[in-house]
Number of protein chains: 2
Amino acid sequence: MAECPETRARAGLLHTPHGTIETPVFMPVGTQATVKGLTQRDLANDLNVQILLGNTYHLYLRPGHELIRQMGGLHRFMSWPNAILTDSGGFQVFSLSGLRKISESGVVFQSHLDGSRHSFTPESTVDIQLALGSDILMVLDECPEYPVRHEYARESMQRTVRWARQANSHFQNRMAESPTAHALFPIVQGSMFPDLRRECAAALVDLDAAGYAVGGLSVGEPRPLSLEAVEATADILPRAKPRYAMGVGMPAELPEYVARGIDMMDCVLPSRNARNGYLFTSEGRVIIKHARYRDDPGPLDPNCQCYTCRNYSRAYLRHLFQSGEILYAVLATRHNICRYLDIMRDIRHAIISSSFPEYLRCVRASFANAG
Amino acid sequence: MAECPETRARAGLLHTPHGTIETPVFMPVGTQATVKGLTQRDLANDLNVQILLGNTYHLYLRPGHELIRQMGGLHRFMSWPNAILTDSGGFQVFSLSGLRKISESGVVFQSHLDGSRHSFTPESTVDIQLALGSDILMVLDECPEYPVRHEYARESMQRTVRWARQANSHFQNRMAESPTAHALFPIVQGSMFPDLRRECAAALVDLDAAGYAVGGLSVGEPRPLSLEAVEATADILPRAKPRYAMGVGMPAELPEYVARGIDMMDCVLPSRNARNGYLFTSEGRVIIKHARYRDDPGPLDPNCQCYTCRNYSRAYLRHLFQSGEILYAVLATRHNICRYLDIMRDIRHAIISSSFPEYLRCVRASFANAG
């Protein structure tokens with residue numbers, strides 16, 4: 001593992017049954033067994049994506065984890081050759097479901113699709129993720145809204161720790177008879193309270209898990225607080241294990257998380273923003289509907305080697321966006337995901353070549369200028 | 001040129017400034033400078049598409065032919081290396097526009113986008129298509145609804161012939177000073193009246209055009225009448241010139257048109273039906289939402305070599321369709337277009353290997369069985 005002594009940044013390798021992943025890594029989000037607008041070939045061959053994120057909540061509801069198990073698991077079902085990490089569904093239950101009721105045993109919720117009633121327990125979400133065949137599973141956690149009172153955040157965090165213990169115990173039992181290898185990551189919660197974050201991390205370290213996630217980010221909190229929440233547990237989580245910051249972040253934030261010891265990130269921003277016409281380039285953002293791009297013959301990002309930038313102009317992308325064409329989403333998503341992956345490769349390279357502090361200064365300066 | 005003596009089927013080559021096309025050929029429809037859901041790389045490299053159709057009406061309204069000219073023409077604007085045929089916009093004016101008023105000089109119409117008023121003349125539609133840089137242009141024609149009285153059909157057909165003469169004369173003048181080569185096809189009209197079709201074709205032959213289109217099909221008439229309309233002029237149109245049946249047809253109809261002397265066809269069916277969940281396979285149609293495909297691990301079409309069939313199951317495609325995922329449209333369109341191209345390749349091969357009559361009998365028998 002290459003480390004940056006001035007920060008907590010490190011570059012390493014994460015081994016999974018579906019390939020070895022170079023970290024730090026960004027994981028594109030494949031919510032419903034697809035990264036919206038991209039084929040698996042685009043992802044694996046063109047973009048060299050090593051690991052995808054799948055959403056347990058969505059796949060559980062549709063097409064159902066039992067169907068996916070029957071079809072040979074999620075890798076085979078979606079024809080994805082590389083690694084898959086799944087969340088536990090907790091975040092979606094807390095953000096998408098109408099009715100939801102938390103108890104010590106788990107959470108009862110209504111499907112956002114048809115209002116039907118379901119429940120997740122620490123054990124059942126492990127079982128669902130094993131039915132999916134994920135390489136890396138997440139424990140069921142409660143993800144409180146922001147802001148939340150310290151008292152509730154503590155109560156919730158303590159329940160998340162108890163659930164993590166139950167999930168881990170169930171996972172160990174399942175692994176004892178499993179022919180395939182999997183990893184389960186517990187999730188640090190505690191809202192934006194550093195003391196709760198530290199208490200949570202300390203408790204989870206006892207599980208000696210294969211890796212640790214930092215959850216409860218991107219729930220509406222000011223950006224600096226997300227970074228502080230990650231920083232709070234940086235000295236507590238075991239150095240030898242990968243650390244995953246869930247649901248972050250904007251391009252300028254990626255090296256900030258890495259500088260705080262994060263090895264893995266996922267975010268819907270590159271794909272969702274792409275579809276909404278908001279494109280990330282090495283020269284700043286491009287809002288493609290703007291009239292200035294109407295007759296712009298240049299590539300979206302002159303420094304990008306993605307299929308979109310090598311073949312199409314801003315004028316053409318704007319036309320496709322204005323016309324509501326599917327190809328717009330296809331090309332825009334491909335670029336935005338490529339941009340994120342390029343940033344992660346630059347970060348990794350900077351760490352390995354001992355120039356990460358300088359890289360970080362440049363990024364901060366350029367984003368400060370870009371506004 | 002290889003010919004089938006028992007039918008009018010023939011296999012040849014059509015030379016354009018953007019490549020030589022093997023005929024008979026099916027042209028995917030790229031209405032708004034994109035075949036919905038496919039990249040230009042998918043089309044040119046994976047599917048080996050030699051010629052695309054673009055819609056003048058749509059491109060004229062958005063992004064505008066002047067912008068496309070400024071961007072270097074439609075090939076460059078959409079990054080398409082092979083040939084492009086454009087229609088004249090007449091069909092869309094008559095089918096999409098709200099208000100429209102036909103006079104001897106042309107047609108005044110309202111945009112379906114914003115209600116703004118525009119006019120097309122025989123000369124202006126040539127100019128617009130030259131601004132787009134099409135390899136093959138169509139003359140402005142009137143495409144009457146079905147059914148229509150013989151008297152109106154005759155009046156309309158005669159106007160279409162006058163417009164074709166005007167368009168051709170204008171086109172010849174423009175070509176005298178053009179650094180690039182283009183071809184203009186007149187369009188045979190006459191509704192479903194064989195006498196009018198013959199009268200129209202005879203008049204258009206005098207223009208000695210590079211090729212001839214048969215229009216006014218797929219306007220709601222019973223299927224056998226479309227074939228009769230094509231047949232009516234088969235002996236009148238010059239044998240040495242390519243013949244293009246506009247806007248047809250279903251898979252089983254493709255060899256029927258070829259058997260009647262047609263060399264070129266275009267149709268939105270493979271792409272539109274794909275998006276609507278209606279898939280064409282070598283074993284018949286697949287309506288992908290049907291519950292029977294829920295856990296079907298097999299490929300959409302076991303005899304198809306397209307990317308979709310080589311990599312994904314019916315169960316996965318059904319899941320994507322039910323979930324409203326973009327990837328569904330991407331994969332389904334790729335397959336349906338591939339199916340049409342495969343049929344055309346089979347037809348061409350059958351003609352060249354002198355087995356077209358047998359091929360046609362097999363197709364008729366299999367579609368009769370499939371219902």
Side-chain angles (χ1 to χ4, degrees), chain A residues 30-44 46 58-59 61-64 66-72 74 76-81 113 271 275 294-297 299 307-308 310-331 333-334, chain B residues 30-44 46 58-59 61-64 66-72 74 76-81 113 271 275 294-297 299 307-308 310-331 333-334:
Chain A
T31 300
Q32 304 192 107
T34 165
V35 176
K36 293 185 192 309
L38 300 186
T39 67
Q40 278 67 309
R41 184 170 70 178
D42 297 336
L43 289 161
D46 282 18
H58 289 281
L59 296 171
L61 290 178
R62 185 176 59 194
E66 284 301 342
L67 177 72
I68 292 178
R69 185 213 306 267
Q70 191 188 331
M71 295 291 106
L74 186 55
R76 190 156 166 198
F77 179 63
M78 66 183 285
S79 192
W80 176 246
L113 297 175
S271 40
R275 296 194 303 280
R294 185 177 172 277
D295 58 356
D296 187 336
Y307 170 72
T308 303
R310 279 187 289 108
N311 290 280
Y312 304 96
S313 65
R314 290 173 168 187
Y316 182 63
L317 291 173
R318 180 179 187 271
H319 163 66
L320 294 178
F321 180 77
Q322 297 291 88
S323 305
E325 281 287 352
I326 297 174
L327 186 57
Y328 168 76
V330 166
L331 296 178
T333 306
R334 200 180 299 216
Chain B
T31 300
Q32 304 193 106
T34 165
V35 175
K36 295 186 192 304
L38 300 186
T39 68
Q40 279 66 309
R41 184 171 70 179
D42 297 336
L43 288 162
D46 280 17
H58 290 281
L59 297 171
L61 290 178
R62 185 174 61 192
E66 284 301 341
L67 176 73
I68 292 177
R69 185 213 305 270
Q70 190 188 330
M71 294 292 105
L74 185 54
R76 191 157 165 197
F77 179 64
M78 66 183 286
S79 193
W80 175 245
L113 296 174
S271 41
R275 297 195 302 281
R294 186 178 173 274
D295 58 356
D296 186 337
Y307 171 72
T308 302
R310 278 187 291 107
N311 289 280
Y312 304 97
S313 65
R314 290 173 167 187
Y316 182 62
L317 291 173
R318 180 178 187 272
H319 163 65
L320 295 178
F321 180 77
Q322 298 291 87
S323 305
E325 282 287 351
I326 297 174
L327 186 58
Y328 168 75
V330 166
L331 296 179
T333 306
R334 199 181 298 217

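Sequence lines set the chain letters: A, B, ... in the order given, protein chains first and strands last, and positions in each chain run from 1.
At least one side-chain heavy atom of R334(B) sits under 4.5 Å from a side-chain heavy atom of T39(A). Using a 4.5 Å heavy-atom cutoff, the side chains of Y316(B) and T34(A) are in contact. The shortest distance between side-chain heavy atoms of Q40(B) and L327(A) falls below 4.5 Å. Side-chain contact between Q322(A) and L113(B) is absent, with no heavy atoms from C-beta onward closer than 4.5 Å.
One distance of note links CD of E66(A) with CG of D295(B); it measures 12.5 Å at 0.5 Å rounding.
Heavy-atom pairs under 4.5 Å with chain A peak, among D46(B), T31(B), V35(B), at D46(B). In terms of heavy-atom pairs under 4.5 Å with chain A, the best-connected choice from H58(B), K36(B), R62(B) is R62(B). Among the candidates I326(A), D296(A), L38(A), the residue making the largest number of heavy-atom pairs closer than 4.5 Å to chain B is I326(A). The candidate with the highest count of non-hydrogen atom pairs below 4.5 Å against chain B, out of P297(A), S79(A), G37(A), S323(A), is S323(A).
Contacts between Y307(A) and chain B at a heavy-atom distance below 4.5 Å involve the side chain alone, from C-beta outward. When heavy atoms are compared at a cutoff of 4.5 Å, I68(B) does not approach chain A at all. Heavy atoms of R294(B) lying under 4.5 Å from chain A belong to its backbone as well as its side chain. M71(A) touches chain B through its side chain: at least one heavy atom from C-beta onward sits under 4.5 Å away, while N, CA, C and O do not. At a 4.5 Å heavy-atom cutoff, the contact between Q32(A) and chain B is made by backbone and side-chain atoms alike. Only the side chain of A329(A) comes within less than 4.5 Å of a heavy atom in chain B; its backbone stays farther off. Heavy atoms of R41(B) lying under 4.5 Å from chain A belong to its backbone as well as its side chain.
Heavy atoms from other residues, nucleotides or ligands lying under 6.0 Å from CZ of R76(B) number 12 at most.
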